[in-house]
**Q** 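This is the structure, below, for whatever I ask next.
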Amino acid sequence: MKKKRNLVITLIVLAAAIAAIFAANPERRVERYVAKHKDTIEHSLENGLGISSSIRAKYFNTWEGEHNMTEFILFTWGDNYYGCYYSPDDVPLAFQNTEVELTQGENGYWIWHGEGDNQGETYRIEENWYYFKATF
């Protein structure tokens with residue numbers, strides 16, 4: 001019985017540690033995703049090809065507007081959505097290309113506020129690629 005209890009405690013501690021690492025580094029996860037998949041995604045978009053199933057994203061959509069974007073939701077954590085988007089015009093945009101004002105924040109971030117408690121942030125990872133976090 002004691003071994004089973006110790007195993008359960010160990011698993012709980014391990015799960016908490018993984019969750020803490022996951023929650024603390026969403027930006028790095030997104031940046032690694034972009035580094036790994038950007039060339040394939042750009043080639044597909046530029047040539048009118050579909051997005052390959054090898055591009056592991058929870059969801060992706062192309063949102064049209066004054067500046068188009070292709071957005072990749074990579075993971076969620078509570079009420080937060082994390083991911084990246086490809087901006088062919090290299091313009092920072094709000095989540096789902098909604099028409100809300102972006103305000104330049106600290107450390108190269110842009111922030112936006114929508115209706116209610118909807119808000120988010122974005123920053124440029126590299127040319128045409130941006131990280132985002134959206135909270136609802």
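Residue numbers count from 1 along this sequence. Because only heavy atoms are used, hydrogens play no part in the values below, and waters and symmetry mates are left out as well, while side chains stay in.
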**Q** Counting only heavy atoms not in Gln104, do more than 12 sit closer than 6.0 Å to its CD atom?
**A**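 Yes.
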**Q** Rounded to the nearest 0.5 Å, what separation is found between the NE2 atom of His43 and the NZ atom of Lys38?
**A**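 Atom-to-atom, His43:NE2 and Lys38:NZ are 14.5 Å apart.
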**Q** If you take all heavy atoms of Gln96 and Met69, which pair is closest and at what distance?
**A**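 Smallest interatomic distance, heavy atoms only, reads C-SD, 4.0 Å.
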**Q** Heavy atoms only: give me the nearest Trp112-Glu121 pair and the separation to one decimal.
**A**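 Between these two residues, the closest heavy atoms are NE1-N, 3.8 Å.
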**Q** Hey, can you tell me if Trp129 and Tyr86 have their rings parallel, tilted or perpendicular (30° and 60° cut-offs)?
**A**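 The arrangement is tilted - the two ring planes meet at 30° to 60°.
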**Q** Over 60° means perpendicular and under 30° means parallel, so tell me whether Tyr33 and Phe72 are parallel, tilted or perpendicular.
**A**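 Rings of Tyr33 and Phe72: tilted, as their planes differ by 30° to 60°.
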**Q** How close do Ala94 and Val100 get, counting heavy atoms only, and between which atoms?
**A**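 Closest pair (atom of Ala94, atom of Val100, distance): CB-CG2, 3.5 Å.
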**Q** Quick one: does any side-chain atom of Asp89 pair with a main-chain N or O of His67 as donor and acceptor, under 3.5 Å?
**A**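 The answer is no, because no donor-acceptor pair under 3.5 Å joins these two groups.
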**Q** Rounded to the nearest 0.5 Å, what separation is found between the NZ atom of Lys133 and the OG1 atom of Thr122?
**A**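 Lys133 atom NZ to Thr122 atom OG1 measures 12.5 Å (nearest 0.5 Å).
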**Q** Is atom CD of Glu46 surrounded by more than 12 heavy atoms (other residues, nucleotides or ligands) closer than 6.0 Å?
**A**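 Count over threshold, so yes.
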**Q** Do you know the tightest heavy-atom contact between Thr76 and Lys58?
**A**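 Between these two residues, the closest heavy atoms are OG1-NZ, 3.9 Å.
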**Q** In Å and rounded to the nearest 0.5 Å, what is the CG to CD distance from Asp117 to Glu115?
**A**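 Here the rounded value is 11.0 Å.
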**Q** Kindly give the heavy-atom pair with the smallest separation between Arg124 and Glu127, and that separation in Å.
**A**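 Result for this residue pair: NH2-CA, 2.9 Å.
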**Q** With no hydrogens and no angle check, is any side-chain donor or acceptor of Tyr123 less than 3.5 Å from a backbone partner on Pro92?
**A**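 Side chain of Tyr123 to backbone of Pro92, a donor-acceptor pair under 3.5 Å: no, none is there.
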**Q** Hey, does the side chain of Tyr85 reach the backbone of Leu93 with a donor-acceptor pair shorter than 3.5 angstrom?
**A**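 At least one qualifying donor-acceptor pair exists.
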**Q** Return yes if some donor-acceptor pair links the side-chain N/O of Asn47 with the main-chain N/O of Ser44 below 3.5 Å, else return no.
**A**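 Absent.
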**Q** Would you name the heavy atoms of Cys84 and Leu74 that are closest together and state the gap between them?
**A**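 Result for this residue pair: SG-CD1, 4.4 Å.
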**Q** Have a look at Ile41 and tell me which of Ile55, Leu49, Val34 forms a side chain to side chain contact (heavy atoms under 4.5 Å, CB included) with it.
**A**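 Going through the options one by one, the only one that passes is Ile55.
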**Q** Which value, rounded to the nearest 0.5 Å, describes the distance between Thr70 atom OG1 and Asn128 atom CG?
**A**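 Interatomic distance, Thr70 OG1 to Asn128 CG, rounded to 0.5 Å: 11.0 Å.
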**Q** Answer whether the closest heavy-atom distance between the side chains of Phe132 and Ile73 falls below 4.5 Å.
**A**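 Phe132 reaches Ile73 side chain to side chain.
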**Q** Any donor-acceptor pair under 3.5 Å linking the side-chain atoms of Thr135 with those of Asn80?
**A**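 Asn80 vs Thr135: donor-acceptor pair found between side chains.
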**Q** Please evaluate residues Ile51 and Leu45 with respect to the criterion side-chain contact (heavy atoms from CB on, under 4.5 Å), reporting the C-alpha separation (whole Å), side-chain torsions for both, the decisive distance (0.1 Å), and the verdict.
**A** CA-CA 8 Å; Ile51 300 296; Leu45 293 173; 4.1 Å; yes
**Q** Would you please indicate yes or no on a ring centroid separation below 6.0 angstrom for Phe136 and Phe95?
**A**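 For Phe95 and Phe136, the ring centres are under 6.0 Å apart.
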**Q** To the nearest 0.5 angstrom, please state how far the OH atom of Tyr130 sits from the CD1 atom of Ile125.
**A**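 That separation rounds to 10.0 Å.
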**Q** As an exercise, state the distance from CD of Glu101 to CH2 of Trp110, rounded to the nearest 0.5 Å.
**A**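 It comes to 14.0 Å.
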**Q** Give a yes or no on whether Val91 and Leu102 share a hydrophobic cluster (residues Ile, Leu, Val, Met, Phe, Trp, Tyr; joining criterion: side-chain heavy atoms under 4.5 Å apart).
**A**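 Hydrophobic grouping puts Val91 with Leu102.
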**Q** Under 4.5 Å between side-chain heavy atoms, counting indirect links through other Ile/Leu/Val/Met/Phe/Trp/Tyr residues: same cluster for Phe75 and Tyr131 or not?
**A**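 Yes, Phe75 connects to Tyr131 through the hydrophobic network.
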